[in-house]
Amino acid sequence: MEAFISRKRPKLASTIPEAQETFSPRGNCLYDDEESTDLKLATLSSLFPTLDQATLLDLLISTDGSVEAVSGSLSGKTEDGSSRKRSAVSLGYQTSLSAFRKSENAEPGSPSAKRRALTRKGQTLHLYAPEDIANHTPCSIIHNFLPAREADNLLRELLEEALTFERQTFKLFDNVVQSPHSACFYVESLEERERQKTDYLYNGSYLKDVRQITPQMRTVSNKVQPVVNEEIAKRTAHHYPDGKKLKYQSPHEWIPNAAFVNCYTGSESVGFHCDQLTYLGPRAIIGSLSLGVAREFRVRKIVARDDDEHADFKDQRADAEGQIAIHLPHNSLLVMHAEMQEEWKHSIHPAKIIDPHPIAGNKRINITYRYYRESFHPTYTPRCKCNVATVLRCVQRKKENRGRYMWMCHAGLTPGKGG
Ligand SMILES: O=C(O)CCC(=O)C(=O)O
Ligand SMILES: [Fe+2]
């Protein structure tokens, strides 16, 4: 029988234990070399939820990347006996980073060059101001997006909905792992709801609970759409070469027609991941509305590597450029632009301190509005010879193939199944 792993839910308290990195059930959950360190860390985090990432990474390196060896050596010990290497991050007020910008070896106006000068391995840069977020990450943010009353009413409605959300389960190696937060998927119509349950695969299984968007969610979606399209236009004009959309980016308008609603209670989190491109297509854009408790959205750039690099370095690369924390207060709309899913990973960091929200208490609700493109419906995308659906992947780390897309058989990615 498979081991069933679930993280203990921490009690709501003003101080919450050190961060874990866990895995998103909707992210690219793969078993190839590119993702192996994250997956190994995710598995170990699930097995030893009180150990921090730095300790687990050290242990992985010392055992040549063997999850079994780390797990075996740790299972005899009490988890609390571990040493914690990361020091707590202190948050401070910041108006803008523009005064500190350096542009050594950088092309004028190159946002990535500016960001590189600011983050380093093992460090986290905390960003609050919209201009800093746009300059140093592939995201833009709009604070106080909805009229206050509308945001509060939507929050109330979704808190009620979230009472029946479930933690999604997904398979990681030979274990079934539960996501450390709860979520539910919403689509436009009842017909689409049925199509979702039978046609679309998420990490090898069909969603059981798909709901139709509520009238309030639709009203907000209609407001999100033009603003996201304006943000795409701004991003294109100011950040992309020659002011043109990126290669493979859709030239058409962005039209949200589906949404994942996430609920995080207390310190609940979601591990570093990229969202699946299979139904969104390349260079996908996501509009993400935050409600309730303010939480940290962490992003980090995926660093390319050479093929002949030593395995130890591969493991250490996960955090090679450091992380950037974007603070997401109630009623903020974050746009994840076209570079995000291919070149960066994102997560919701486990909270150490929760500042209770007057309506939501210790909860955060997040709606990620997405555009499911009809041409990426499974009817039109390739099927493997073994008749299993394929997933759309972009090569992220291998330098020689970086940025190339491929359709991969899902069976080959599922442990125990050949493809
Ligand atoms: O809660 C968030 O802000 C992000 C959620 C997320 O990454 C996802 O739904 O894929
Ligand atoms: Fe995501």
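Given the structure is predicted, the values throughout are model-derived calculations rather than measurements. For ligands, and for the atoms within them, numbers begin at 1 and follow the listed sequence.
Ligand 1 places these atoms under 4.0 Å from at least one heavy atom of Tyr264: 1 (O), 2 (C), 4 (C), 5 (C). In the vicinity of Asn366, heavy-atom distances shorter than 4.0 Å reach the ligand 1 atoms 1 (O), 2 (C), 3 (O), 4 (C), 5 (C).
Because the distance cut-off is set at 2.8 Å, His346 qualifies as a neighbour of the Fe ion (ligand 2) through one of its N, O or S atoms.
Closest approach of Ser290 to Arg364, counting heavy atoms only: OG-NH2, 2.8 Å. The two atoms that bring Leu159 and Ala360 nearest to each other are CD1-CA, 3.8 Å, heavy atoms only.
Counting heavy atoms closer than 4.0 Å to ligand 1, residue Glu296 contributes nothing at all. Counting heavy atoms closer than 4.0 Å to ligand 1, residue Arg295 contributes nothing at all.
A donor-acceptor contact closer than 3.5 angstrom links the side chains of His330 and Asp152. A donor atom on one side chain and an acceptor atom on the other are found under 3.5 Å apart for Tyr240 and Glu339. Donor-acceptor pairing under 3.5 Å is lacking for the side chains of Gln323 and Gln123.
Between the Fe ion (ligand 2) and the N, O or S atoms of Asp275, the shortest distance is to OD1.
Using 4.0 Å as the threshold, His181 has no heavy atom nearer than that to any atom of ligand 1.
Between the side chain of Glu342 and the main chain of Arg283, a donor-acceptor pair closer than 3.5 Å is present.
By heavy-atom distance, the residue among Arg370, Glu268, His346, Arg364 lying nearest atom 3 (O) of ligand 1 is Arg364. Relative to atom 10 (O) of ligand 1, the option among Leu289, Ile348, Asp275, Ile367 with the closest non-hydrogen atom is Asp275.
With ring centers used as reference points, Tyr371 lies 6.0 Å or more from Phe376.
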